[in-house]
Amino acid sequence: MAFTRQEASQEYNQALKLGLKNQKECIAKGIDPTPPVLDDILNESESAGQVELGVIDIPTDRIIGTKTTGRITAFSRNFLPVFSDGTEFASKWINICMVHMSDSGSLEPIRCFEYLGKFYVQEGNKRVSVYKYFEAPTIAGYVIRIIPKYSEEPEIQRYYDFLHDYRFTGSYDIVFTQPGGFQKLQAALDYSPDHVWTEEERRFFRSRYLTFKNAYEKLGGSDLPITVMDAMLVWLKVYPYQSLWDFNTAELNKSITAIMPDIKVLCREDPIALTTEETSENTPSIWGKLVSTVTQLHLNVAFINELFEENSTWTQAHIRGQQQLKDALGEQVTIQEYTGVGIGEDAVAAMEDAIHNGAQVIFTTTAPLIDACRKISVKHPNVKILNCSISMPYTGIRTYYSRIFEGKFISGAIAGAVSSSDEIGYIASYPIFGVPAGINAFALGAQLTNPNARICLRWSCTPGNPLQEFLDQGIDTVSSLDIPTPGWSRGDYGAFHIFKDGSTQLLASPYWDWGTFYIKLVRSILYGGWDTLNAGKSGVHAVNYWWGLNSGVVGLELSHDLPEGVRSLAKILRTGICNGSVHPFYRHIVDQNGVERNAGKQYFSPEEIINMDWLCENVDGKIPDFEELVDKSKPLVRLLGIYRDQLSPVKEGPIL
């Protein structure tokens, strides 16, 4: 049925009201009430050239201004009319409205320029006004793209990333402010990294994108300083792409609401709140003690272990910790144990079973379980979920790890004191968060007792036999993986002597005392410490417990055969680290490239320590590239690697 002129005139008057309202709002805020003009924004010297894109579908919400100043006074800033009915302008607007609302709806493509992902109209302003009024998602237009000169400015960097992504998607909707977003999107959609989208894939994605966008913005997303795609990618890390077809409106809104805290974390410069010390949250208050006495507080705690105990010293250490928890708290806790659950859906099923059996707190003891944790946390927001990992910016999951570098510093000092040569071997595990800090702390400790000490660095995650290489070089003192629990007698852990026949003898090693952590944290939960922390310093942060020697979560095993003076030095250093008078990195530090990292007058922040990606000048060796790793090491490095944001994600496994 044809759209009559009278109906079109009524629409114009409604558009006019909205335009005048927008104009007044802009004036009240001190904003120019007319659309921006590209000629006023762009200096020709800032352009690196132009590219003709031909006729494409332009998202109408990305059309923000005009190429020149002509006619801008006819529009409000949001491109709605401000000239009264009866003018020539109004008559032409009404004519376009009638065509747009007719059965054919066919209008000539507009002509415009695109600069930094935004569009400025050269011909067709009134067509744009009509389309914006009717909230049409796209309008056909002949586009000339203006390429800005390359620079290090974040906006230009992001635009050049977009130009790369556009070659694959042909879409202006797919814009990220976060690094590596497009590669993660390809993986989330089950596409290969170099997959070029078909027209059908582009069309289907846009329909789902608009569905997500409308729901997200109604829930407050339009007020956040990130793109819709940034938010949608966070959603796709938890929910499969197919859910955008399967969910009804209520289900989609619920799912977006569930992950909105994680979306908001993206907007923070400091997304993770590190709790580095025990605080009063772990000490029962008088009220907490009273409540505990009256109500006999009780917690149902589940432990989810990826690997079987007999195959993993890491799992053994955590199982020992949960037994310590049971011994310490007795009837105050019920403990469920799930071992060898793997990752993926089996891990999700184990966590669901634990919750079905009453679990109120779930500890997952390896980083690869983070994906299962995220899926469970959005379904069961009242269950307290923790993952043994570091630098994971998810608000529904708390992570826990330890400052093992403090113990590495002391074992380095011991190695430097007892080694028969200046060369000391070091076998590092993986190039993940915190490991370079451990290497550097060990190197600085060795330098403390032997200024000429050189650390010969090798990696267990790369091909080769480091221990044999050290033997061949005549190195007799080596640091390797830390002992998993106190009392561990094997000499090929920690810092040890290696003899010519290949036998070893432990000198010293830091270790994790997970039982101490579990006891203190569960007590904290029993007495309200969890909620105190959440309401206090974390806000919309993700929370990471990162405790050290002073908490007892990191311990130090010393050989009985150490010389008495060396043993005394180790105890002095341990006491100093615990009381804050000694800090491994508070000293003059120069890296391998000759860059002064510390003049000896500053403390490194926890974030600087965790994110270290450089090595001290007395370290001989380097951090291996991803391609140099053995295959079985790569999944963990994708999760926790210091360069994980630079890696193209794979279709299998969690997308962080």
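Atoms considered below: every heavy atom in the structure, side chains included; atoms not considered: hydrogens, waters and symmetry mates.
- W235 and S255 are linked by a side-chain donor-acceptor pair at a separation below 3.5 angstrom, with hydrogens and angles left out of the test.
- In this structure, CD1 in I226 is found 10.5 Å from NZ in K264, a value given to the nearest 0.5 Å.
- Using a 4.5 Å heavy-atom cutoff, the side chains of L448 and L573 are in contact.
- To the nearest 0.5 Å, the span separating OH on Y160 from CG on L116 amounts to 9.5 Å.
- The backbone N or O of I455 lies less than 3.5 Å from no partner atom in the side chain of E423, so there is not a single donor-acceptor pair.
- Residues E557 and L506 have side chains in contact (heavy-atom distance under 4.5 Å, counting atoms from C-beta outward).
- Under a 4.0 Å N-O distance rule, the pair R403/E406 qualifies as a salt bridge.
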- Task: Go through the steps to decide whether V435 and W459 satisfy the test side-chain contact (heavy atoms from CB on, under 4.5 Å), and finish with yes or no.
- Result: CA-CA 11 Å; V435 167; W459 295 82; 3.9 Å; yes
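- A508 and I414 make their closest contact through CB-CD1, 3.4 Å (heavy atoms, listed as atom of the first residue, atom of the second, distance).
- Side-chain atoms of W512 do not come within 3.5 Å of backbone N or O of I483 as any donor-acceptor pair.
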- Tell me, with the steps shown, if S222 and E217 meet side chain to side chain donor-acceptor pair (under 3.5 Å). CA-CA 5 Å; S222 56; E217 290 185 342; 5.6 Å; no
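- The distance from atom CD1 of I610 to atom CD1 of I432, rounded to the nearest 0.5 Å, is 11.5 Å.
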- Could you check T366 against W314 for side-chain contact (heavy atoms from CB on, under 4.5 Å), going step by step and ending with a plain yes or no? CA-CA 9 Å; T366 52; W314 184 262; 3.7 Å; yes
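- Using a distance-only test at 3.5 Å, with no hydrogens or angles considered, no donor-acceptor pair links the side chain of S551 to the main chain of W547.
- Between F604 and I589, the closest side-chain pair of non-hydrogen atoms falls below 4.5 Å.
- In this structure, D371 does not pair ionically with K237, as no charged nitrogen and carboxylate oxygen lie closer than 4.0 Å.
- Put simply, the side chain of V378 reaches to within 4.5 Å of the side chain of I259, judged on heavy atoms.
- Checked by atom type, the side-chain pair N305/T315 shows no donor-acceptor distance below 3.5 Å.
- Side chain of N579 to main chain of S581: a donor-acceptor pair is present (N/O by atom type, distance under 3.5 Å, no hydrogens or angles).
- The closest donor-acceptor contact from the side chain of Q646 to the backbone of Y643 lies at 3.5 Å or more, if one exists at all.
- For the pair T399/Y545, no side-chain contact is recorded, criterion being any heavy-atom separation below 4.5 Å from C-beta on.
- With 3.5 Å as the limit, one finds no donor-acceptor pair spanning the side chains of Q316 and R320.
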- Task: Please assess V361 against F303 for the test side-chain contact (heavy atoms from CB on, under 4.5 Å), listing each intermediate value before the final yes or no.
- Result: CA-CA 9 Å; V361 182; F303 288 85; over 6 Å; no
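- For the pair R458 and F470, the cation-pi test (distance below 6.0 Å, angle within 45°) is failed.
- Taking OG from S411 and CZ from F496, the interatomic distance works out to 11.5 Å, rounded to the nearest 0.5 Å.
- Formation of a donor-acceptor pair under 3.5 Å by the R644 side chain with backbone atoms of L636 is not found in this model.
- With respect to D422 and R454, no salt bridge is recorded, no charged nitrogen being found less than 4.0 Å from a carboxylate O.
- In the model, Y400 has a side-chain atom that pairs as donor or acceptor with a side-chain atom of Y518 under 3.5 Å.
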- Evaluate the side-chain contact (heavy atoms from CB on, under 4.5 Å) criterion for residues N598 and R587: first the C-alpha distance (whole Å), next the side-chain angles of each, then the deciding distance (0.1 Å), finally the verdict. CA-CA 7 Å; N598 193 339; R587 63 198 66 249; over 6 Å; no
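- Contact annotation: the side chain of P484 approaches that of Y493 to within less than 4.5 Å [non-hydrogen atoms, C-beta and beyond].
- Between V637 and F626, some side-chain heavy-atom pair lies under the 4.5 Å cut-off.
- With salt bridges taken as basic N to acidic carboxylate O contacts below 4.0 Å, one links D631 and K634.
- Contact of the K384 side chain with the W530 side chain is registered, since non-hydrogen atoms from C-beta on lie closer than 4.5 Å.
- The CD atom of Q447 sits 10.0 Å away from the NE2 atom of H588 when rounded to the nearest 0.5 Å.
- With respect to I424, the side chain to side chain contact (heavy atoms under 4.5 Å, CB included) criterion is satisfied by exactly one of N450, L457, T477: T477.
- Between atom OH of residue Y150 and atom CG of residue L163 there is a gap of 11.5 Å, rounded to the nearest 0.5 Å.
- Salt-bridge formation is detected for the pair K622/E628: a Lys NZ or Arg NE/NH1/NH2 atom is positioned less than 4.0 Å from an Asp or Glu carboxylate oxygen.
- Heavy-atom minimum distance, S429 versus C461: O-SG, 3.1 Å.
- Ring geometry, H583 versus F585: the interplanar angle falls from 30° to 60°, so the pair is classed tilted.
- Among the candidates N544, I397, I370, the single residue satisfying the side chain to side chain contact (heavy atoms under 4.5 Å, CB included) test with M392 is I370.
- Looking only at distances, a side-chain donor or acceptor of N440 sits under 3.5 Å from a matching main-chain atom of W614.
- When atom types are taken as modelled, the side chain of S419 and the backbone of G416 share no donor-acceptor pair closer than 3.5 angstrom.
- For F182 and F176, the distance between ring centers is not under 6.0 angstrom.
- In this structure, the side chain of T364 engages the main chain of L386 through a donor-acceptor pair within 3.5 Å.
- Under a 3.5 Å cut-off, the side chain of D513 and the backbone N or O of F517 do not form any donor-acceptor pair.
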